[in-house]
Undergrad: 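Mind looking over this structure? Questions follow.
Quantities reported herein were computed from a predicted structural model and do not represent experimental measurements. Residue numbers run from 1 in the order of the sequence given.
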Amino acid sequence: LLDPGICPVNRDSIDYILSKNGSGNAIIIVVGGAAESLNCTPGKNSVTLKNRKGFVKLALRHGADLVPVYSFGENEVYKQVIFEEGSWGRWVQKKFQKHIGFAPCIFHGRGLFSSTTWGLLPYSKPITTVVGEPITIPKIDNPSQKDVDFYHSIYVDSLIKLFNKYKSKFGLPETEVLEVN
């Protein structure tokens, strides 16, 4: 484990934390990870979740609740160059992601002394995180793919409902859709 409670997102670390007795053994996982970071652009609300099911399997093995969480405004604090699928830039990003675990992005924020110049400071935009109701997960020592798929679909549906419940409160139109990739 690292200093402020940060640890690698791998099965051994998660098993260790969730197997401890007592309460307060919570884990926060950014499920989309490096793949999701490649699609962060202002005005777009998307998550990389469709083929990310390992966290559900681990929750089933430990009987750990899943809690949907969404942060409105995250994609508004930096501007990023998005390379299209099939482009040379995206190819380089995916090679980096595969070999070193993250994808290099070309991004900018505001300058140190002025919001009208480019720099590395984030733009002054609000980020509001909303937390949904916990999804109670049964403890299944060896969950089947059917079990994993079932609870994954419940999680995805809950995340979309959470997004839809709060989107207009945080300035998005009713027609806005959370894209699940």
Side-chain angles (χ1 to χ4, degrees), residues 1-41 44-75 77-78 80 82 85 90 93-105 127-167 170 176-181:
L1 295 175
L2 301 174
D3 197 4
I6 298 171
C7 69
V9 179
N10 60 45
R11 183 177 172 189
D12 291 339
S13 297
I14 294 169
D15 282 340
Y16 173 78
I17 293 168
L18 293 179
S19 65
K20 296 177 104 24
N21 288 329
S23 61
N25 301 325
I27 297 174
I28 298 171
I29 300 173
V30 179
V31 179
E36 191 171 274
S37 71
L38 296 179
N39 295 316
C40 293
T41 186
K44 184 176 179 185
N45 292 284
S46 67
V47 292
T48 301
L49 189 57
K50 200 176 282 184
N51 296 316
R52 304 291 174 105
K53 298 182 180 180
F55 73 103
V56 176
K57 190 172 190 175
L58 286 168
L60 285 162
R61 285 188 178 149
H62 292 280
D65 291 351
L66 293 174
V67 182
V69 175
Y70 191 81
S71 293
F72 289 91
E74 269 188 328
N75 290 353
V77 296
Y78 286 100
Q80 177 177 237
I82 303 294
E85 284 296 332
R90 183 60 70 115
Q93 287 177 317
K94 286 188 173 186
K95 287 293 181 191
F96 264 85
Q97 180 183 342
K98 181 179 178 182
H99 294 293
I100 59 175
F102 76 92
C105 299
I127 298 175
T128 306
T129 301
V130 293
V131 180
E133 293 292 322
I135 302 164
T136 302
I137 304 294
K139 187 176 187 332
I140 304 173
D141 290 330
N142 193 13
S144 68
Q145 190 60 48
K146 186 177 177 182
D147 294 327
V148 173
D149 291 345
F150 175 74
Y151 285 101
H152 182 268
S153 69
I154 290 173
Y155 179 83
V156 171
D157 290 345
S158 296
L159 185 64
I160 291 169
K161 286 178 187 168
L162 181 69
F163 177 84
N164 288 337
K165 180 179 179 180
Y166 289 100
K167 64 185 175 185
F170 298 111
E176 186 70 24
V177 174
L178 178 61
E179 183 181 307
V180 179
N181 299 314

Undergrad: Taking atom CZ of Phe96 as the centre, does the number of heavy atoms from other residues, nucleotides or ligands within less than 6.0 Å exceed 12?
TA: no
Undergrad: Among pairs that include at least one residue of residues 127-139, which meet salt bridge (Lys or Arg N to Asp or Glu O under 4.0 Å), considering only residues two or more places apart or in two chains?
TA: Lys139-Asp141
Undergrad: Please report the closest heavy-atom contact between Leu159 and Val47, naming both atoms and the distance.
TA: CD2-CG2, 4.3 Å
Undergrad: Is there a donor-acceptor pair under 3.5 Å between the side chain of Arg90 and the backbone N or O of Glu85?
TA: no
Undergrad: Looking at every non-hydrogen atom in both residues, tell me the closest pair between Asn181 and Ser46 and how far apart they are.
TA: ND2-CB, 3.9 Å
Undergrad: What distance do Gln93 atom CD and Gln97 atom CD have between them, rounded to the nearest 0.5 Å?
TA: 8.5 Å
Undergrad: Which residues pass the side chain to side chain contact (heavy atoms under 4.5 Å, CB included) test with Ile140, sequence neighbours left out?
TA: Leu60, Pro138, Pro143, Asp147
Undergrad: Measuring only between side-chain heavy atoms, which start at C-beta, is His152 closer than 4.5 Å to Asp149?
TA: no
Undergrad: Taking Glu176's backbone N and O only, do any of them form a donor-acceptor pair with Lys167's side chain (distance below 3.5 Å, no angle check)?
TA: yes
Undergrad: Considering all heavy atoms of both residues, which atom of Gly132 and which atom of Val67 are nearest to each other, and what is their separation?
TA: O-CG1, 3.5 Å
Undergrad: Distance check, rounded to the nearest 0.5 Å: Ile135 atom CD1 versus Asp65 atom CG?
TA: 8.5 Å
Undergrad: Within a reach of under 6.0 Å around CD1 of Ile100, are more than 12 heavy atoms found that belong to other residues, nucleotides or ligands?
TA: yes
Undergrad: Would you find a donor on one side and an acceptor on the other, under 3.5 Å apart, between the side chain of Asn45 and the backbone of Leu178?
TA: no
Undergrad: Minimum heavy-atom separation for Pro68 to Leu162, with atom names?
TA: O-CD2, 3.5 Å
Undergrad: For Phe72 and Thr129: C-alpha separation, side-chain torsions, deciding distance, then whether side-chain contact (heavy atoms from CB on, under 4.5 Å) applies.
TA: CA-CA 6 Å; Phe72 289 91; Thr129 301; over 6 Å; no
Undergrad: Step by step, would you call Phe170 with Val130 a side-chain contact (heavy atoms from CB on, under 4.5 Å)?
TA: CA-CA 11 Å; Phe170 298 111; Val130 293; 3.8 Å; yes
Undergrad: Students often mix this up, so state it plainly: with edges at 30° and 60°, are the rings of Tyr70 and Phe163 parallel, tilted or perpendicular?
TA: perpendicular
Undergrad: Which pair of non-hydrogen atoms, one from Val56 and one from Tyr151, has the smallest distance, and what is that distance?
TA: CG1-CB, 3.8 Å
Undergrad: Please round to the nearest 0.5 Å and tell me the distance separating atom CG of Leu49 and atom CD1 of Ile160.
TA: 8.5 Å
Undergrad: How about Gln145 and Lys57: do any of their side-chain heavy atoms sit closer than 4.5 Å?
TA: no
Undergrad: Mind listing the closest non-hydrogen atom pair of Arg52 and Val31 along with its distance?
TA: NH1-O, 2.8 Å
